[in-house]
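The next block holds one structure in the form of structure tokens; read it before the comments.
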Protein chains: 2
Amino acid sequence: MDAILSHLVERLNHLRTQEDFEAFLRGAAEDMGFDMFAYAGGRLAADRVAARTVFQRPPITMSSFPSEWLTHYADEGYFKDDYVVVQSLRAILPEQWHAERGVREIRPRQAQIMREAIDAGLRRGFFVPIHGPANDFGLLNVICHEAETEFSKIVERYKHELHVLAVHFHDAVQKRLPASAGRGARLQLTERESEILRWTAVGKTSWEISEILHITERTVNFHVANSMRKLGVYSRTHAVAKSISLGLTQL
Amino acid sequence: MDAILSHLVERLNHLRTQEDFEAFLRGAAEDMGFDMFAYAGGRLAADRVAARTVFQRPPITMSSFPSEWLTHYADEGYFKDDYVVVQSLRAILPEQWHAERGVREIRPRQAQIMREAIDAGLRRGFFVPIHGPANDFGLLNVICHEAETEFSKIVERYKHELHVLAVHFHDAVQKRLPASAGRGARLQLTERESEILRWTAVGKTSWEISEILHITERTVNFHVANSMRKLGVYSRTHAVAKSISLGLTQL
DNA sequence: CAACTAGCTGTCAGTTCTGACAGGGGGCCT
DNA sequence: AGGCCCCCTGTCAGAACTGACAGCTAGTTG
């Protein structure tokens, strides 16, 4: 394993385009005996109250799933209810899943998704959650058509390799294909703005911040207002929550 | 190697006490040829503006570092400036470090820490950052006294195993020793309180929330006030930021 | 130089929040 | 039954925030 894994990780350094990465993943999954794969990675949105989306912006995705399934999946907004996704969002360890066996605490909608997944040929698989700093998140899901016993054997054999590989893969993809999912028109706060937001986040009033930074209260409000405008929100509280979720209020 | 790794991961399931885990880590590190180890894991504080601490509460720690170094390290508050820690907080991949070689973009204080680390016998090592959902964070650092070439050989051989092991270790520790670092007097928001905080986080005013939840504005303010009191803060904004950082306002 | 950016400051009307004074109802446990 | 907790509601004064009007300096870049 060791040699193979190191070789794979090494190869990651030479990949450049989305197609490179996709081909790489396809090859690796096949070599291990998996029949399909899917990867999604990006930055999580933190304000998911009535969230329709999980990611801030469309994540970078690669998969060999049937296109009808992907379309259906996207149309129905399955992503945020999919058991594999939900579990990945709150777990740190990889895990295997079986659509047929169901899972404890599963909700009706999740069961529905599982049933439809089976029809699409996704019966069982193994997923690796990838968590990084500042809401960085990724998910690798590999599917196997084999019977359960054979599947378990494959998983037992490769789970650690897949784990390591997934993390390296995610890191490489997110570093190398940054503009990719693009269309970000990424907003940026000035130094002053994020500085003031940080103080706001710990409960300082405008007047207090003005004392801290040796500027007038008016100026503090000016910067706060600019931050709010940039973030497209109408209250400091929302601005702080959003900038944290966007990773703009650094650390 | 695979068998060994699987065996180690399997053994993690049987550990119960902090001493169990510490002995486990000591054994694993030694077997791989490392001379010392240190682990720290807990929940990150998100409001780290002028943060003196990195963790919300004292993290679970285990290490075989010299006690004088640990004391000195704690007294001086090195944790938040230590290159290994800083790097772990923003990286997703493990990495080796050499105190002597220094590092790009290193700050004076970091250099100072590195120099003192060398005196304490920490010359080079390998660290694994562990990121989880909801500000879950851990760090495993293993130290090697060998010369650089031998060290590199060891790292090359075991880095992936250490990576996998660290993640599993962290997960087991955090799940199994929850009350441990204890003394949390962990505060808890009621269902209503966190529900209202979530709406507040996305910029809703009290009046709007009252419409959404079909209660009076007064009641919304009542719950917000209770949340603020529990969190020990004096503004909604701070309450939202803090509850997010504490993982109370779920993801 | 003109245009642009980041930072800074002033006033003011209207809205929102905060913390204090009150109170009632339902459920759970001893 | 009494004690707690959670949920809900009312009023009110003072503080804080928001968005609009306005204008200043300094540095960078085409």
Side-chain angles (χ1 to χ4, degrees), chain A residues 47 49-50 184-250, chain B residues 47 49-50 184-250:
Chain A
D47 51 346
V49 172
R186 78 185 186 296
L187 77 164
Q188 199 149 357
L189 298 179
T190 69
E191 184 53 33
R192 222 28 166 181
E193 285 160 359
S194 62
E195 181 178 21
I196 288 176
L197 274 196
R198 285 200 298 278
W199 285 113
T200 303
V202 290
K204 302 299 179 192
T205 65
S206 292
W207 181 84
E208 290 171 325
I209 297 173
S210 77
E211 289 294 304
I212 294 170
L213 301 180
H214 305 295
I215 55 181
T216 64
E217 184 176 351
R218 176 61 190 85
T219 303
V220 174
N221 287 330
F222 168 78
H223 289 300
V224 172
N226 285 338
S227 304
M228 292 193 294
R229 189 180 34 72
K230 285 184 179 177
L231 291 162
V233 302
Y234 304 93
S235 88
R236 327 194 146 199
T237 303
H238 196 180
V240 166
K242 192 159 184 175
S243 85
I244 288 176
S245 91
L246 292 173
L248 293 176
T249 296
Q250 41 139 346
Chain B
D47 49 345
V49 172
R186 77 186 189 293
L187 77 163
Q188 199 149 359
L189 299 178
T190 68
E191 184 52 36
R192 220 34 163 178
E193 284 160 0
S194 63
E195 181 178 23
I196 288 177
L197 274 196
R198 285 199 299 278
W199 284 114
T200 303
V202 290
K204 302 300 179 190
T205 65
S206 292
W207 181 84
E208 290 171 325
I209 298 173
S210 77
E211 290 294 303
I212 294 169
L213 301 181
H214 304 296
I215 54 181
T216 64
E217 184 175 352
R218 176 61 189 88
T219 302
V220 173
N221 287 330
F222 167 78
H223 289 300
V224 171
N226 285 337
S227 304
M228 291 194 294
R229 188 178 36 70
K230 285 183 180 179
L231 291 163
V233 303
Y234 304 93
S235 88
R236 322 193 150 203
T237 304
H238 195 180
V240 166
K242 193 159 185 176
S243 85
I244 288 175
S245 91
L246 291 173
L248 294 177
T249 296
Q250 37 134 6

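Residue numbering restarts at 1 for every chain, and letters A, B, ... go by the order of the sequence lines.
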- How far apart are the C-alpha atoms of A:Leu213 and A:Trp199, what are their side-chain angles, what is the distance that settles it, and do they pass the side-chain contact (heavy atoms from CB on, under 4.5 Å) test? CA-CA 10 Å; A:Leu213 301 180; A:Trp199 285 113; 4.3 Å; yes
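Protein chain B touches strand DNA chain D; the 5'-most and 3'-most nucleotides with an atom under 4.0 angstrom of its non-hydrogen atoms are D:dC6 to D:dT11.
A side-chain donor-acceptor contact under 3.5 Å links A:Arg236 and A:Ser206. Side-chain contact check for B:Asn221 and B:Arg218: no donor-acceptor pair (N or O, by modelled atom type) lies under 3.5 Å.
Within residues 218-225 of chain A, the residues that have a heavy atom under 4.0 Å from DNA chain C are, in order of number, A:Arg218, A:Thr219, A:Phe222, A:His223.
The distance between atom NE2 of B:His238 and atom P of C:dT18, rounded to the nearest whole Å, is 13 Å. Remark: C1' of C:dT9 and CH2 of A:Trp207 are 18 Å apart, rounded to the nearest angstrom. B:Lys204 places its NZ atom 12 Å from the P atom of C:dC17, with the value rounded to the nearest Å. Between the P atom of C:dG19 and the CG atom of B:Asn226 lies a distance of 11 Å, rounded to the nearest Å. Separating the CG atom of B:Leu197 from the P atom of C:dC17 is a distance of 13 Å, rounded to the nearest angstrom.
Between A:Lys230 and A:Thr190 there is a side-chain heavy-atom pair separated by less than 4.5 Å.
Side chain of B:Glu208 to backbone of B:Thr205: a donor-acceptor contact under 3.5 angstrom is found. At distances below 3.5 Å, at least one donor-acceptor pair connects side-chain atoms of B:Lys242 with backbone N or O atoms of B:Leu231.
Mapped onto DNA chain C by nearest heavy atom, A:Leu213 and B:Thr237 fall at different nucleotides, with A:Leu213 at the one closer to the 5' end.
Among residues two or more places apart in sequence or in another chain, the salt bridge (charged side-chain N to carboxylate O under 4.0 Å, His left out) test is passed with B:Lys204 by none.
Listed pair A:Thr190 / C:dA6 fails the phosphate criterion, with no side-chain N or O lying under 4.0 Å from OP1 or OP2.
Between the CZ atom in B:Arg198 and the CG atom in B:Leu189 there is a gap of 10.0 Å [rounded to 0.5 Å].
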